[in-house]
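Quick notes on the structure that follows.
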Number of protein chains: 2
Amino acid sequence: MAHVSKGTVSRVINGIPGVGDDTRRRVMKLIESLDFHPNASARGLAARKTNTMGFVIPHTGKYTLTSTFWPMFLTVVTQEAAARGINVLLSTARAEDDVDSAFRTILRGRRIDGAIIGAEQFGDKQLAELLLKSLPFVMMGRSAKISSYYVDVDNALGARIASEHLVAKGHSRIAILAGPDWLPYVDDRIRGARDVLREHGLPDPVVVHCSYDTAEAVRCVQGILLSRPAVSAIFVAAGDLVVGTLKACADMGLNVPHDISVVSFDDHPFFAHLSPGITAVAQPIEELGAAAVQMLVELMAGREPERRAMIIAPHLVERGSCAAPRDRENTPR
Amino acid sequence: MAHVSKGTVSRVINGIPGVGDDTRRRVMKLIESLDFHPNASARGLAARKTNTMGFVIPHTGKYTLTSTFWPMFLTVVTQEAAARGINVLLSTARAEDDVDSAFRTILRGRRIDGAIIGAEQFGDKQLAELLLKSLPFVMMGRSAKISSYYVDVDNALGARIASEHLVAKGHSRIAILAGPDWLPYVDDRIRGARDVLREHGLPDPVVVHCSYDTAEAVRCVQGILLSRPAVSAIFVAAGDLVVGTLKACADMGLNVPHDISVVSFDDHPFFAHLSPGITAVAQPIEELGAAAVQMLVELMAGREPERRAMIIAPHLVERGSCAAPRDRENTPR
DNA sequence: TGACTGTCTGTAACCGCTTACTGGGTATAT
DNA sequence: ATATACCCAGTAAGCGGTTACAGACAGTCA
């Protein structure tokens with residue numbers, strides 16, 4: 001120490017009271033001019049906290065960060081975290097095995113103070129351990145397997161909004177291209193859409209489940225388009241399936257929105273620039289990210305968040321992919 | 001310790017020789033059954049290494065992870081790192097300010113042992129500091145401002161491949177939609193394309209620089225399409241500009257590839273599913289990621305990498321967006 | 001003026017590991 | 001049998017902070 005003592009320096013760095021104003025100023029200046037930065041490991045050891053949070057997302061396809069949701073969510077989370085001075089450790093574990101090794105090492109090694117986790121990521125085993133070790137974490141999305149703190153978009157509401165939009169345009173035969181059927185939110189979205197149709201006295205939608213693989217989406221949509229009675233609109237219940245849907249329509253010579261309308265659950269920057277622009281139910285990504293980080297921060301500070309779940313409403317972004325229906329019954333190809 | 005000593009345990013955990021086989025086995029078993037995981041901070045403190053690397057990328061637009069390159073690259077890097085037991089700390093700093101605060105804290109706080117950095121990310125100041133503190137790092141992409149270890153795709157070659165493809169199809173009037181002109185690789189790509197045209201005795205390409213914003217890309221391409229003599233093909237020198245390009249073409253009623261051909265530098269999963277599929281020069285993302293991590297690992301281990309730069313060749317993925325030219329001179333709109 | 005109180009700063013004991021160094025055994029050489 | 005060497009395992013000194021506790025000093029109050 002240039003002038004004074006040691007423990008004191010620690011106090012000023014951490015903004016702990018009980019330090020004279022002049023002393024504080026002096027030390028601050030020294031720190032500044034020496035460009036001193038405390039060693040993270042040492043602080044972590046002594047204070048038992050690393051100021052780092054983990055971010056764990058499910059991997060979809062070859063490149064896990066290629067979805068229409070996670071990359072943007074990650075961006076927001078990173079930013080929110082940075083604003084609070086906390087770092088983000090990224091984990092894109094693939095197999096269960098990886099989760100069980102890499103992730104455990106991170107957790108048990110106290111490399112992070114908490115985590116934000118994609119709800120679909122874990123079976124009960126890992127989550128049980130998380131809870132066991134009482135590592136604070138919040139899930140993105142509700143999990144069917146475990147009850148914990150989480151943030152989520154109002155999936156049912158989003159589906160309702162999309163469906164109402166379709167119904168308002170005059171559609172009555174609607175298909176839903178949905179994600180894997182074991183995901184809670186997929187169910188919620190289907191239910192929301194079905195409810196709307198029933199309320200309007202319309203027939204239940206055709207529901208096709210599909211993995212988040214574009215090629216498979218194409219096949220699924222082909223199936224939908226070939227089905228009879230023909231549907232006049234498709235509610236694509238996940239942004240990752242949009243491109244595949246458009247592809248299938250184009251391949252069949254169907255014009256969107258002329259021959260068939262498309263609404264997406266999930267928005268993405270480039271949706272605005274496709275032709276036509278894709279009408280979408282946009283997830284409130286900023287809010288979701290902020291809420292997740294906020295909640296996690298509370299948890300890490302040992303406080304109890306106000307609510308166990310933050311459900312945020314999505315909103316419709318109307319572009320050009322929905323129009324009034326047109327009879328396609330007699331124009332197979 | 002259940003049976004034996006302490007420093008010994010450390011030795012077996014770190015696989016340091018000088019430990020009897022039986023002892024080693026015994027300790028291992030104990031560790032296993034106790035589900036013991038050493039504390040990362042403590043190890044970091046004592047060993048002066050954190051087994052964590054930083055990943056710093058430039059932010060483009062609102063969501064920094066929305067580009068056609070970085071998300072996939074990040075995925076690969078994360079995976080490669082995980083395979084070597086090292087963690088990835090993500091930083092998506094926005095302004096220079098952030099870089100100067102958050103990043104310094106991370107670096108100087110020895111929170112990471114090394115980093116992979118987007119070359120365009122830094123002005124000389126930060127890089128100078130990095131070098132100063134001798135924090136091992138490798139850049140993704142060559143930087144005009146600093147000489148350091150880096151991996152990069154062969155930009156000129158990629159541009160040549162794209163151009164040769166166009167020329168082979170019969171195009172002679174070609175436009176290049178390129179990124180910001182202060183980026184070294186943008187220059188390389190333009191140069192590569194121009195060289196090919198010259199070699200074939202064709203006129204120099206029309207070059208338009210553009211930020212990585214889709215709306216701006218649309219405007220730029222409109223300008224290109226309106227220019228006379230009309231071009232018959234556009235070499236989109238960055239994947240992020242593809243959607244905007246297609247949008248502009250569609251808006252003008254131009255069919256791709258019938259009225260105008262499009263090649264992209266950068267491939268992306270969904271390019272295959274657009275109509276038509278986008279013919280693209282695909283960056284060898286796997287190799288780039290692997291090379292970057294490999295290089296960084298060498299550096300972190302205090303070894304000297306074989307080469308100062310790893311330049312990897314891209315390859316053409318031919319799909320449907322390029323066709324033989326057709327005279328568009330008399331069909332303005 | 002002496003006792004009491006409150007504020008500010010120094011002291012030192014960890015935090016949980018790594019690692020250089022020391023020392024006890026056993027095997028090999030003399 | 002004694003000396004030399006080698007292989008293991010134990011010992012303890014940090015690594016660079018945090019923090020409970022103690023102590024010094026100045027101000028208050030009677």
Side-chain angles (χ1 to χ4, degrees), chain A residues 1-32 34-52 85-87 104-113 133-135 300-302, chain B residues 1-32 34-52 85-87 104-113 133-135 300-302:
Chain A
M1 314 303 130
H3 277 229
V4 280
S5 60
K6 171 180 174 179
T8 305
V9 175
S10 178
R11 278 171 219 131
V12 357
I13 287 181
N14 295 299
I16 294 174
V19 178
D21 281 352
D22 48 342
T23 309
R24 163 155 287 148
R25 244 187 310 276
R26 189 147 38 89
V27 177
M28 293 277 244
K29 200 148 64 182
L30 258 296
I31 288 178
E32 186 73 27
L34 263 50
D35 191 26
F36 173 82
H37 289 262
N39 179 295
S41 295
R43 305 184 81 180
L45 219 207
R48 291 99 184 303
K49 57 197 281 288
T50 58
N51 270 310
T52 303
I86 97 178
N87 300 108
R104 279 163 85 108
T105 307
I106 292 175
L107 287 186
R108 299 292 320 277
R110 279 277 174 267
R111 200 178 280 277
I112 58 179
D113 299 332
K133 303 302 301 179
S134 68
L135 193 275
M300 295 196 302
Chain B
M1 314 303 129
H3 278 232
V4 277
S5 60
K6 172 181 175 178
T8 305
V9 175
S10 177
R11 277 171 218 131
V12 357
I13 288 181
N14 295 299
I16 295 174
V19 177
D21 282 351
D22 47 343
T23 310
R24 163 153 286 148
R25 244 187 309 278
R26 189 148 36 90
V27 177
M28 292 278 244
K29 199 148 63 180
L30 257 297
I31 287 178
E32 186 74 28
L34 263 47
D35 191 25
F36 172 82
H37 290 262
N39 179 295
S41 295
R43 305 185 81 179
L45 219 207
R48 293 100 184 303
K49 56 196 282 290
T50 59
N51 269 311
T52 303
I86 98 177
N87 301 108
R104 280 162 85 107
T105 307
I106 292 174
L107 287 186
R108 301 290 320 278
R110 279 278 174 267
R111 200 178 279 278
I112 57 179
D113 298 333
K133 303 302 302 180
S134 68
L135 194 272
M300 295 196 303

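Predicted, not measured: the structure shown is a model, and the values here were computed from it. Residue numbers start from 1 in every chain, and the chains themselves are labelled A, B, ... in the order their sequence lines are given, proteins ahead of strands.
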Exercise for review: Give one of base, sugar-phosphate or nothing for Arg48(A), where a contact means two heavy atoms less than 4.0 Å apart.
Suggested key: sugar-phosphate
**Study point:** Nearest-nucleotide pick for Leu45(A), side chain only, options being dT11(C), dA20(C), dG16(C)
**Key:** dG16(C)
Point to revise | N/O donor-acceptor pair under 3.5 Å between Asn14(A) side chain and Ile16(A) backbone | key: no
Exercise for review: Compute whether any side-chain donor of one residue and acceptor of the other, for Asn51(B) and Arg43(B), lie under 3.5 angstrom apart.
Suggested key: no
Exercise for review: Check whether any side-chain nitrogen or oxygen of Asn39(A) sits under 4.0 Å from OP1 or OP2 of dC15(D), and answer yes or no.
Suggested key: no
**Study point:** Residue whose nearest DNA chain C nucleotide is more 5′ - Gly7(A) or Phe36(B)
**Key:** Gly7(A)
Exercise for review: Provide, to the nearest angstrom, the distance between the CG atom belonging to Asn14(A) and the C1' atom belonging to dT19(D).
Suggested key: 10 Å
Review point. Does any donor atom in the side chain of Arg111(A) or Thr50(B) lie under 3.5 Å from an acceptor atom in the other side chain?
Key: no
Review point. Side chain of Thr23(A): nearest nucleotide among dT18(D), dC17(C), dT9(C)?
Key: dT9(C)
**Study point:** Ile16(A) side-chain proximity, nearest of dG17(D), dT11(D), dT19(D)
**Key:** dT19(D)
Exercise for review: May I ask you to evaluate whether Thr8(A) reaches the phosphate of dT9(C), defined as a side-chain N or O under 4.0 Å from OP1 or OP2?
Suggested key: no
Check your understanding: Under 3.5 Å, side chain of Arg110(B) to main-chain N/O of Lys49(B), donor-acceptor pair present?
Key -> no
Point to revise | 5'-most by nearest nucleotide on DNA chain D - Pro17(B) or Ala47(B) | key: Pro17(B)
